[in-house]
Amino acid sequence: MNAVVWHDETLGAEFSIEPIPAALRKKAEAFRLQLIEVIAETDDVLLEKFLEGETPTIAELKAGIRQATIDLKVFPAICGSAFKNKGIQTLLDAVVDYLPSPLDKPPVEGINPDHLSRIEVRKADDNEPLAALAFKIINDPFGKLGFVRVYSGSLKTGDTVLNPRTGKTERIGRLVKMHANKREDVSEILAGDICACVGMKELKTGDTLCAPHHPIALGAITFPDTVISVAIEPKTKADQEKMGVALARLADEDPTFKVRTDEDSGQTIISGMGELHLEILVDRMKREHKVEANVGEPKVAFRETLRKKAEAEGKYIRQTGGSGNYGHCKLRVEPNTPGAGYEFINAIKSGSIPKEFIKPIDQGVQGALELGILAGYPIVDVKVTLYDGSYHEVDSNEMAFKFAGSIAFKEAARKASPVLLEPVMAVEVTVPEEHMGVIIGDINSRRGRIEGMEHAAGSQVIKAIVPLKEMFGYVNDIRSSTQGRASYSMQFARYEEAPRMIADEIIGRSQGK
């Protein structure tokens, strides 16, 4: 029941605690009563006090809020302004007061990389074997920084740790505690602590660091597939060499950012989670790495899939002067459950194809999946069954069966009603009520579907599913149509079948029509 006042001239560094102004006192008391009511509903002791007309102490209220937060019954919200750094101190106090400590959480579980079926458990205890997770990588002028959270045991400078992903051990050279842009050298961190390791070359986001004689692989962080790509090229010859290094460093820091070279055009293609994501990364490349570059038009990561079951055979028979090539297989293709990916089933029973040629057929099919049937986009969610074939005792080899698998799959896929899939995004637009009609009309014109609306503090939150292809430039359109008062967020939802008109346009463009 105090007012916390930040002083503009110190950019949020200093604040004072003062009495609540008389004009706001009644409002503050009403909200405090509401707060006590909400917490009392989750705590029997506080509820009894509340019903008897007693006012809980600050310590009791804090304990009640903390327990309700840990139980996910309430979600505390703290006031603040990022622009002027106001509210940082109260936010950090709330983190300490209300969020769970490592002791409030169950022991962490992982798998033993040497015995994948064995579950390993680590308690939040300094005396347990080391288990730590690298959750963020930053490249800075002093070297690569890997932010690490220790779940059990302790981590000291000079320790040798195992990375289960690479199977290699690395020595911890230097540990630093980060304080915004300042860093403090430390010699040891314990269970529950976060610090940064300097100079670990092979460390990537999501890697586990553990004691070599007590290996554990903690649950990896899963990152969504990229949904948007643009071509990027350096402006000058001098920028060319620097651009490769800069892009590699940015990709190292951000697992949702991918860089590749297009085999057909020789262009460098960067892919990310949205238009804004790529804009920020290109801007960082210019500011931090001093690389000037031209960026092409955004391209959507379409996919292809099959809608029917079909069968086909693939033969690769070539006779040359010496031994020839003979590969022959019969495949059945069918749609798989959405999101299930590719599945290969070996149904050969009579030994018509020897075991050593099964894997090359699978590899041939996977190669064909990457190239697509309609417009060169990867084929997803398909089940392929190898049910028959034949071989030649002398001429059969792995390469021949790889080609046969690819030929059979392409033939079967053409018969199986292939369709084009486009990524659709879950979009949330927060808009004042007077502009709601304009936004809904605009979403409908972008082939979007309104999924729901919620009222939030004088505004409406519109939830919709919209194809990514229609969302380019949306940030400018939404600002101009609402006088800058609306905001939106979007994230990848799923792939859906593209309408015939859109599919024909994409397929025609890929075939140069």
Side-chain angles (χ1 to χ4, degrees), residues 135-136 204-206 219-232 247 250-251 253-260 269-284 295-306 335-342 369-370 372 374-382 419-430 439 442-454 461-478 486-499 502-503 505-506:
F135 62 90
K136 185 171 179 62
K204 290 197 177 298
T205 305
I221 304 168
T222 52
F223 301 103
D225 289 335
T226 57
V227 293
I228 184 172
S229 301
V230 297
I232 187 167
L247 290 175
L250 291 169
E253 289 182 18
D254 184 350
T256 60
F257 175 61
K258 299 275 184 277
V259 184
R260 66 180 174 86
I269 307 293
I270 57 173
S271 309
M273 302 311 300
E275 216 174 355
L276 185 62
H277 183 202
L278 293 182
E279 270 178 34
I280 289 167
L281 286 164
V282 170
D283 182 59
R284 278 188 61 195
V295 180
E297 284 292 307
K299 285 187 181 168
V300 175
F302 288 93
R303 294 285 183 269
E304 298 176 18
T305 194
L306 310 177
N336 208 347
T337 317
Y342 164 68
L369 282 171
E370 286 300 310
L374 296 171
Y377 293 104
I379 299 174
V380 295
D381 302 333
V382 63
V419 293
L420 199 68
L421 301 176
E422 63 177 346
V424 296
M425 313 300 280
V427 180
E428 277 195 17
V429 184
T430 305
I439 294 297
D442 186 46
I443 288 171
N444 290 332
S445 73
R446 294 172 188 270
R447 297 192 286 123
R449 301 191 304 275
I450 306 294
E451 300 248 303
M453 282 184 262
E454 288 175 13
V461 179
I462 300 167
K463 295 182 181 181
I465 293 287
V466 191
L468 174 63
K469 186 176 184 295
E470 308 297 334
M471 289 300 288
F472 295 142
Y474 188 56
V475 66
N476 293 327
D477 294 349
I478 197 175
S487 63
Y488 82 101
S489 67
M490 71 173 182
Q491 63 185 52
F492 173 68
R494 58 184 173 270
Y495 275 94
E496 286 184 1
E497 189 173 331
I502 302 292
E505 180 197 326
I506 302 296

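Everything numeric here is computed off the predicted structure, so don't read it as measured data. By convention here, the first residue in the shown sequence is residue 1.
Taking Glu451 as the reference, nothing meets the salt bridge (Lys or Arg N to Asp or Glu O under 4.0 Å) condition, with sequence neighbours excluded. Take Arg284 and apply the side-chain hydrogen bond (donor to acceptor under 3.5 Å, both in side chains) test, not counting sequence neighbours, and it matches Glu253, Glu288. Taking the side-chain contact (heavy atoms from CB on, under 4.5 Å) definition, one finds that Asp477 meets it with Arg446, sequence neighbours left out. For Lys258, there are no side-chain hydrogen bond (donor to acceptor under 3.5 Å, both in side chains) partners at least two apart in sequence or on another chain. With sequence neighbours excluded, no residue satisfies ring pair (Phe, Tyr, Trp, His ring centres under 6.0 Å) with Phe257.
In this structure, the side chains of Tyr488 and Glu428 stay at 4.5 Å or more apart for every pair of heavy atoms. Taking the side chain as every heavy atom from C-beta outward, Ile270 and Val230 approach each other to under 4.5 Å. Residues Glu470 and Ser445 have side chains not in contact (no heavy-atom distance under 4.5 Å, counting atoms from C-beta outward). Ile228 has its side chain within reach of Phe472: a pair of non-hydrogen atoms, C-beta onward, lies under 4.5 Å apart. A 4.5 Å side-chain heavy-atom check between Leu374 and Phe302 finds every atom pair outside the cut-off. With a 4.5 Å cut-off on side-chain heavy atoms, Val466 and Met425 do not count as touching.
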Decide yes or no on side-chain contact (heavy atoms from CB on, under 4.5 Å) for Leu369 and Tyr342, but give the supporting numbers first.
-> CA-CA 9 Å; Leu369 282 171; Tyr342 164 68; 3.4 Å; yes
Check step by step if side-chain contact (heavy atoms from CB on, under 4.5 Å) holds for Val419 and Thr305.
-> CA-CA 6 Å; Val419 293; Thr305 194; 3.6 Å; yes
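Between the CD1 atom of Ile450 and the CD1 atom of Ile443 there is a distance of 4.0 Å, given to the nearest 0.5 Å. Atom CD1 of residue Ile465 and atom CZ of residue Arg494 lie 4.5 Å apart, to the nearest 0.5 angstrom. Annotation: the span from Arg303 atom CZ to Leu420 atom CG amounts to 10.5 Å, rounded to 0.5 Å. Atom NZ in Lys469 sits 4.5 Å away from atom CD1 in Ile502 (nearest 0.5 Å).
The two residues Ala426 and Ala493 come nearest to each other via the heavy atoms N-CB, 3.8 Å. The minimum heavy-atom distance linking Ala251 with Val259 is given by the pair CB-CG2, 4.3 Å.
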Show the atom names and distances, to 0.1 Å, of all donor-acceptor pairs under 3.5 Å that link a side chain in residues 271-281 to residues at least two apart or in another chain.
from	atom 1	to	atom 2	distance (Å)
Ser271	OG	Ser229	OG	2.9
Glu275	OE1	Gly473	N	3.0
His277	ND1	Met273	N	2.9
His277	NE2	Asp254	OD2	2.7

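For Asp381 (side chain) and Gly339 (main-chain N/O), a donor-acceptor pair under 3.5 Å exists by modelled atom type. Side chain of Glu304 to main chain of Ala375: a donor-acceptor pair is present (N/O by atom type, distance under 3.5 Å, no hydrogens or angles).
A salt bridge does not link Arg447 to Glu496: none of the charged nitrogens lies less than 4.0 Å from a carboxylate oxygen.
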